[in-house]
Amino acid sequence: MPKKKLATKQTKRPTTKNNELLSGETLQRSRNRKLVIVESPAKARTLNKILGRNYILKASMGHVRDLPKSTLGVDVENDFAPKYVVPKEKKKVIKEIQEACSKASSIFLATDPDREGEAISWHLTQAAKMDSDSTPFYRVAFHEITKAAVEEAFENPHSIDMNLVNAQQARRILDRLVGYKISPILWRKVQKGLSAGRVQSVAVKIVVDREREIQNFTSREYWSIEAELSKTGKEAHGFKARLISLTGGDKLEIGDAEAANSIAASLRNAAYTVKSIQKKKTIRRPFPPFITSTLQQEAWRKLHFTAKYTMAIAQQLYEGLPIGKEGSVGLITYMRTDSTHVASSAINEVRDFIREKHGKAFLPPKPRTFGKKTKWAQEAHEAIRPTRIYRQPEQVKKFLNQDQMKIYELIWKRMVASQMAVASYDTTTAEISATVNSKEGYLLRASDSKISFPGFIAVYSEDKDEERPEESSDLLPELRVNEKLLLLNILPEQHFTQPPFRYTEATLIKALEEKGIGRPSTYAPIISTIQGRDYVHKKEGKFYPDELGIIVNDILNEHFPRIVDSKFTARMESHLDEIAHGEKDHVAILNSFYHPFEETLDKASNNIKKIDMSKPTEEICPNCGRPMVIKVGRFGKFLACSGYPECKTSMPYVVRVGAFCPECGSELIERRSKKRGKVFYGCSNYPQCKFATNYKPLPYPCPNCGKLLVQQGKDMAKCTSCGYRVKISELEGERQKQEVTS
């Protein structure tokens, strides 16, 4: 029997000259309405306004076919041929699309302009059996939903790019092979319901490795010393200079209080003289307009939006929102991109705006261009920018909700700033000698920096990831070389070296991008998935590995080292890019991965030792009297009898918070919402009592009225009844006093 390959049939190409197909003249002879299929109703509404009455718009609601959930769905013996199915909930959608196809003169597949969108278009042709119908179908792609971009796309339709489709299919098959082959081993050896992802496992490893760096970090003591100095004269103001070395340039390492106090004593008796002054101009260049990863990072830094939420809001802005009399309008270009390229027409519009709004001084002589962010960033794709720069944030504010406005303003400001003049600074650095005697002396340094021209920072300045505290920088008075200075004070300060920071949404995405893990469409799903599987959790905005995540990571690291190797995963991403560009064959790539992987599977299945994840509790089994243990199943934690399988008693697992419902007096417990898995606190007497709060209840009564206190912030408590506010540390201190006196 001959082997099957992933589908490679090309869709029909337009054959008419001079775009007669799209003129409507030929189609008027038979059917005069054209069918356009997109992913979402919002996108359909925006396109409908642009295309007009001759077009019927239908939404596929995302993918219409996928691999089956119950089986592997990949024929590994037959060139990894996928066995796609139409999910039950999509059968009605397909039926409606087929009916619309039968009545249309031509069909246009207008899904998103990336691999995922290309794959959705191809799946639509297969599920709706477009190949067997005589109605011609075409692919149209545009990176912004504006009249000009859409009309240009429809004037230049093309066939589905099977290279992009096969790259997406190869990614899906790779993920399926890893997930469906490793997960059953984890079920047997650790617990049911676990899963291993090809890319997600690398992200978990990054978080686990950082946690171990922190745990293994040994802090080292060191001291810094500053001298507070001033010019001579009554009106002179003080400034600080930092000790940097001995006079000869030998570096100083001050490791303890004794050494610090000895040097401080010498500095108190020193004579201070300005040794040198250096003045120079420095510049800061603007940042490129956003790509997917930088938008997600900056939205976390400035707004504390998750990557997933940021992309959901950006999707709304791209697909179109009603803007008063304009109707539904696409406000930004496509938000899944790794290219910093911007169309020349958009750059010209921005430069005109800057000239009119800020003046010629803020406009560089030539348009600014930015290099490719990644090897395969396609210049046909653009950076994320407003579709019209004159649609200023303040003008659309009343039509957007608060979060839509925040993301739009971020994108708009970044784009405008990217074409503005550099920011200029006047920087002064003074080196000051502290002479103790002919043999002993020290060198100190003071500096300041003042903006001489704001340039792009008049509009936008990028936030930073967490950094160590910067050195203090006072404004320096006018100093002269050899000028004598007065000592006002010596300020020694103790420090300890700090471990590396835990990852935030911004820094984890940055790490994934730098390591070549994932692509624009995958960063948000990666972070959502590793949290949803309880492999990592977020606390105060930082990622911590869960016990389960550490155990699974260690198993994969020992038995499937290639799966969690960031370099191997990055190479696989490059191979997928090469498939998308027609440079590699997808079957060859799948073969090169699978056969070594299959050998590893057999060894791992035999060598991994079973791990007991159950944890003892003080709960007693109501049926046999043995202790209950905490276990984790497909739907989360539950209590089970330790006498299993003799006793099969199980009960729901609840997290008690030590506080009681203010409405009925029952115990309050921790719960999770079904949709987002977000933690909240509710009455254990639900559904009879429906009291719930998003704030953690505290085991202290309100000092003012005796009702329920909840935590707000790190050390503040607020009463749910009277609104009284008090510090939690004060409540704990009061309780400790009572325990001592009793």
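The figures that follow rest on heavy atoms only: side chains count, while hydrogens, waters and symmetry mates do not. Keep in mind the model is a prediction, meaning the values are calculated, not measured.
Ser528 OG to Tyr309 OH: the interatomic distance, rounded to the nearest 0.5 Å, is 13.5 Å. Note: Phe370 CZ to Ile291 CD1 = 12.0 Å, rounded to the nearest 0.5 Å. Ile214 contributes atom CD1, which lies 11.0 Å from atom CG of Asp209 (distance to the nearest 0.5 angstrom). Distance check, rounded to the nearest 0.5 Å: CD of Glu39 to CG of Asp112 gives 4.0 Å. Summarising the geometry, atom CZ belonging to Phe290 is positioned 8.0 Å from atom CD1 belonging to Ile407; distances are rounded to the nearest 0.5 Å. Atom CG of Leu709 sits about 9.5 Å away from atom OH of Tyr700, to the nearest 0.5 Å.
Using a 4.5 Å cut-off on side-chain heavy atoms (C-beta onward), Leu576 and Leu174 make contact. Put simply, the side chain of Leu321 does not reach to within 4.5 Å of the side chain of Val396, judged on heavy atoms. Proximity of Glu667 to Val654: side-chain heavy atoms (C-beta onward) are nowhere separated by under 4.5 Å. Using a 4.5 Å heavy-atom cutoff, the side chains of Ile332 and Trp412 are not in contact. In this structure, the side chains of Leu194 and Leu548 come closer than 4.5 Å at one or more pairs of heavy atoms. Within the 4.5 Å cutoff, side-chain heavy atoms of His537 are placed close to those of Tyr544. Looking at Ser666 and Cys689, their side chains never come closer than 4.5 Å, going by heavy atoms from C-beta outward. For the pair Ile527/Phe543, a side-chain contact is recorded, criterion being any heavy-atom separation below 4.5 Å from C-beta on.
Between Val207 and Tyr503 the shortest heavy-atom distance is CA-CD1, 4.4 Å. Nearest heavy atom pair, residue Gly549 against residue Val204, reads O-CG1, 3.9 Å. Shortest non-hydrogen contact noted between Gly62 and Lys90 is C-NZ, 4.0 Å. Counting all heavy atoms, side chain and backbone alike, Val178 lies closest to Phe593 at CG2-CZ, 3.6 Å. In plain terms, the two heavy atoms of Ser642 and Val629 that are nearest each other are CB-CG1, 4.0 Å. Taking both residues in full, the closest heavy atoms of Arg171 and Val199 are given as NH1-CG2, 4.5 Å, listed atom of the first, atom of the second, then distance.
Ser684 and Arg656 form no side-chain donor-acceptor contact under 3.5 Å, judged by distance and modelled atom types alone. For Ser40 and Glu319, the side-chain atoms include at least one donor-acceptor pair closer than 3.5 Å. There is a side-chain donor-acceptor pair under 3.5 Å between Ser293 and Glu513. If you check the side chains of Glu505 and Gln296, you find no donor sitting under 3.5 Å from an acceptor. The closest side-chain donor-acceptor pair between Thr507 and Thr504 falls under 3.5 angstrom.
Contact check on Arg385 versus Glu144 returns a salt bridge, with a Lys/Arg side-chain nitrogen under 4.0 Å from an Asp/Glu carboxylate oxygen. Salt-bridge annotation for Glu547 and Lys615: present, with a side-chain N of the basic residue lying under 4.0 Å from a carboxylate O of the acidic one. Under the 4.0 Å criterion applied to side-chain N and carboxylate O atoms, Arg198 and Asp175 are assigned as salt-bridge partners.
In this structure, the side chain of Asn685 does not engage the main chain of Gln688 through any donor-acceptor pair within 3.5 Å. Proximity of a side-chain donor or acceptor of Lys515 to a complementary backbone N or O of Ser566 within less than 3.5 Å is not detected. Between the side chain of Asn216 and the backbone N or O of Arg212, at least one donor-acceptor pair lies under 3.5 Å. When atom types are taken as modelled, the side chain of Lys631 and the backbone of Met613 share no donor-acceptor pair closer than 3.5 angstrom. Checked by atom type and distance alone, the side chain of Thr292 pairs as donor or acceptor with a backbone atom of Thr337 at under 3.5 Å. Formation of a donor-acceptor pair under 3.5 Å by the Glu558 side chain with backbone atoms of Leu556 is not found in this model. With hydrogens and angles ignored, the 3.5 Å screen pairs a side-chain donor or acceptor of Asp715 with a backbone N or O of Ser729. With hydrogens and angles disregarded, no donor-acceptor distance shorter than 3.5 Å links the side chain of Glu573 to the backbone of Thr569. Side-chain N or O atoms of Arg414 include none that pairs as donor or acceptor with a backbone N or O of Tyr460 at under 3.5 Å. Formation of a donor-acceptor pair under 3.5 Å by the Glu298 side chain with backbone atoms of Asp463 is found in this model.
Each of Val710, Val726, Ile728 was compared with Leu698 under the side-chain contact (heavy atoms from CB on, under 4.5 Å) criterion, and only Ile728 meets it.
Qualifying side-chain contact (heavy atoms from CB on, under 4.5 Å) partners for Thr497, counting only residues two or more places apart in sequence or in other chains: Phe217, Ser219, Arg220, Tyr222.
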I would like to know whether Val679 and Lys696 meet side chain to side chain contact (heavy atoms under 4.5 Å, CB included); could you show each step before the answer?
-> CA-CA 9 Å; Val679 172; Lys696 185 177 181 179; over 6 Å; no

Which is it for Leu668 and Leu708 under the side chain to side chain contact (heavy atoms under 4.5 Å, CB included) test, yes or no, and what are the steps along the way?
-> CA-CA 11 Å; Leu668 292 174; Leu708 177 68; 3.9 Å; yes

Audit row: Phe680, Arg671, side chain to side chain contact (heavy atoms under 4.5 Å, CB included) steps and yes/no | CA-CA 5 Å; Phe680 71 99; Arg671 296 183 181 274; 3.5 Å; yes

Test salt bridge (charged side-chain N to carboxylate O under 4.0 Å, His left out) applied to Arg533 and Asp546, step by step = CA-CA 10 Å; Arg533 289 176 178 169; Asp546 286 312; over 6 Å; no

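A cation-pi arrangement is absent between Lys192 and Phe638 under the rule of less than 6.0 angstrom and at most 45 degrees off the ring axis.
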